[in-house]
Amino acid sequence: MTPYTPLHLDWAGCLNARDLGGLPLTGGGTVRERVLVRSESPSYLTDDGVAAAGAYGLSRIIDLRRPEELVEWPSRLADGPAYLHLPVQAPGDPEEGPWVHLYQGMLDRHPELFARAVGAVADAPEGPVLVHCAAGKDRTGLVVALALTLAGADVDALADDYEVTNARLAPRYELRAAGAGDDRPAERKVPPTRHVILGALEHLSARHGGVEAYLTGGGLTPGHVRALRARLVGQG
């Protein structure tokens, strides 16, 4: 497998912004650079960070958060036509249990919302697409994993990238734990490991016939699939 080191993006205020270019594909090759970017909420960006993100030439910004999160933590990149608010949860959806159960429940409830988000990556104008949620870990991790799997990404490299978030966000979580603001359930104070995202993909294979079948069942078209592969790896 081609060695892979995620490209950290120095967007001041954000700890977890990275370009997924260079991520290995099954059978050889890599994901193209400057096509798919992931991060935590741009609400963390400083003025310098906003300028750096703008200079990266983002063609689309996909915000996966719930509406109430936008009110509490407004995105600093929400002005302009590149921004899309495409939550993958509905109001009132539960936030249940351990990480594996949380991910499976999110996927099972809303294939149409995940298909919409992946479709927005596929049909974006030319240029880097940013996908983000609050931490850039769970909802972002799922949407990015779905897109990368459709493009033929190596599953071990995909899982390696998923785990990078734990190290990137460790300073922020340490500050939260030292204060009085960490109200997460006990089972979710332990950072999720690679088995969580791999378990989500295995769940889709077992229950929905795989990632492509799951997404097309949610409304993703064959044209979207071709466009996504062309975008990420240069082939339809």
Looking at side-chain heavy atoms only, is the closest gap between V225 and E212 below 4.5 Å? yes
Which pairs, with at least one residue in residues 72-81 and sequence neighbours excluded, count as a side chain to side chain donor-acceptor pair (under 3.5 Å)? D47-R76
Where is the tightest heavy-atom contact between H132 and S41, given as atom of each residue plus distance? ND1-CA, 3.8 Å
May I ask you to decide whether E33 forms a salt bridge with R18, counting only side-chain N to carboxylate O separations under 4.0 Å? no
Can you find a heavy atom in the side chain of Y162 that is under 4.5 Å from one in the side chain of V196? yes
Shortest non-hydrogen contact from A200 toward L142: CB-CD2, 3.9 Å
Considering non-hydrogen atoms only, spot the tightest contact between T149 and V211 and give its length. CG2-CG2, 3.7 Å
Between E95 and R66, is there a salt bridge with N-O shorter than 4.0 Å? yes
Using a distance-only test with no angle check, is there a side-chain donor-acceptor pair under 3.5 angstrom linking Y4 and D160? no
Which pair of non-hydrogen atoms, one from L25 and one from V233, has the smallest distance, and what is that distance? CD1-CG1, 3.4 Å
Find out if a path of hydrophobic residues (ILVMFWY) with successive side-chain heavy-atom gaps under 4.5 Å connects L232 to V131. yes
Distance col, row D156:CG vs D161:CG, nearest 0.5 angstrom, shows 12.5 Å
Does the side chain of L198 reach to within under 4.5 Å of the side chain of V155, using non-hydrogen atoms? yes
Charged N to carboxylate O below 4.0 Å: is that the case for R172 and E40? yes
How long is the span from the CG atom in D154 to the OG1 atom in T30, to the nearest 0.5 Å? 12.0 Å
Below 4.5 Å, heavy atoms only, C-beta onward: do V88 and V143 meet side chain to side chain? yes
Just wondering, do P6 and R168 contact through their side chains at under 4.5 Å, heavy atoms? yes
Are any side-chain N or O atoms of T216 and backbone N or O atoms of A213, one a donor and one an acceptor, separated by less than 3.5 Å? yes
Output the distance between atom CZ (R194) and atom CD1 (I197), rounded to the nearest 0.5 Å. 11.0 Å
Is it true that the NZ or CZ of R34 lies under 6.0 Å from the centre of Y56's six-membered ring and within 45 degrees of the ring axis? yes
Check the pair N16 / H8 against side chain to side chain donor-acceptor pair (under 3.5 Å), numbers first and verdict last. CA-CA 8 Å; N16 195 30; H8 175 68; over 6 Å; no
For a quick test of reading the model, state the closest non-hydrogen atom pair linking P42 to C14 and the distance between them. CA-SG, 4.4 Å
Can you measure from CZ (R226) to CG (L150) and round to the nearest 0.5 angstrom? 13.0 Å
Y214 side-chain N/O to L107 backbone N/O, donor-acceptor pair under 3.5 Å: yes
If only atom types and distance count, is the side chain of S59 paired as donor or acceptor with the main-chain N or O of P125 below 3.5 Å? yes
With heavy-atom distances below 4.5 Å as the criterion, would you say the side chains of R109 and P94 are in contact? yes
Answer whether the closest heavy-atom distance between the side chains of P192 and N166 falls below 4.5 Å. yes
Report the C-alpha distance between L201 and L158 in whole Å, list the side-chain angles of each, state the deciding distance to 0.1 Å, and finish with yes or no for side-chain contact (heavy atoms from CB on, under 4.5 Å). CA-CA 11 Å; L201 296 175; L158 183 158; 4.2 Å; yes
Kindly write out the residues that satisfy ring pair (Phe, Tyr, Trp, His ring centres under 6.0 Å) with F114, not counting sequence neighbours, or none if the list is empty. none
Below 4.0 angstrom, N of the basic side chain to O of the carboxylate: do E69 and R139 qualify? yes
Tell me, with the steps shown, if D108 and H203 meet side-chain contact (heavy atoms from CB on, under 4.5 Å). CA-CA 9 Å; D108 287 345; H203 174 74; 2.9 Å; yes
Walk me through whether L86 and L113 qualify under side-chain contact (heavy atoms from CB on, under 4.5 Å). CA-CA 8 Å; L86 299 178; L113 299 184; over 6 Å; no
Set out, in order, the CA-CA distance, both residues' side-chain angles and the distance that settles side-chain contact (heavy atoms from CB on, under 4.5 Å) for L23 and L36, then state yes or no. CA-CA 11 Å; L23 191 142; L36 185 58; over 6 Å; no
Quick one: do R38 and D19 make a salt bridge, cutoff under 4.0 Å? no
Value for OG (S39) from CG (L130), rounded to nearest 0.5 Å, stands at 4.5 Å
Of the non-hydrogen atoms in P24 and A157, which two are nearest, and what is the gap between them? CD-CB, 3.6 Å
In this structure, CZ of R116 is separated from CG of L215 (nearest 0.5 Å) by 13.5 Å
Name of the residue among V31, V129, D123 meeting side-chain contact (heavy atoms from CB on, under 4.5 Å) with R231: V129
In terms of the angle between their ring planes, are W99 and Y103 parallel, tilted or perpendicular, with boundaries placed at 30° and 60°? perpendicular
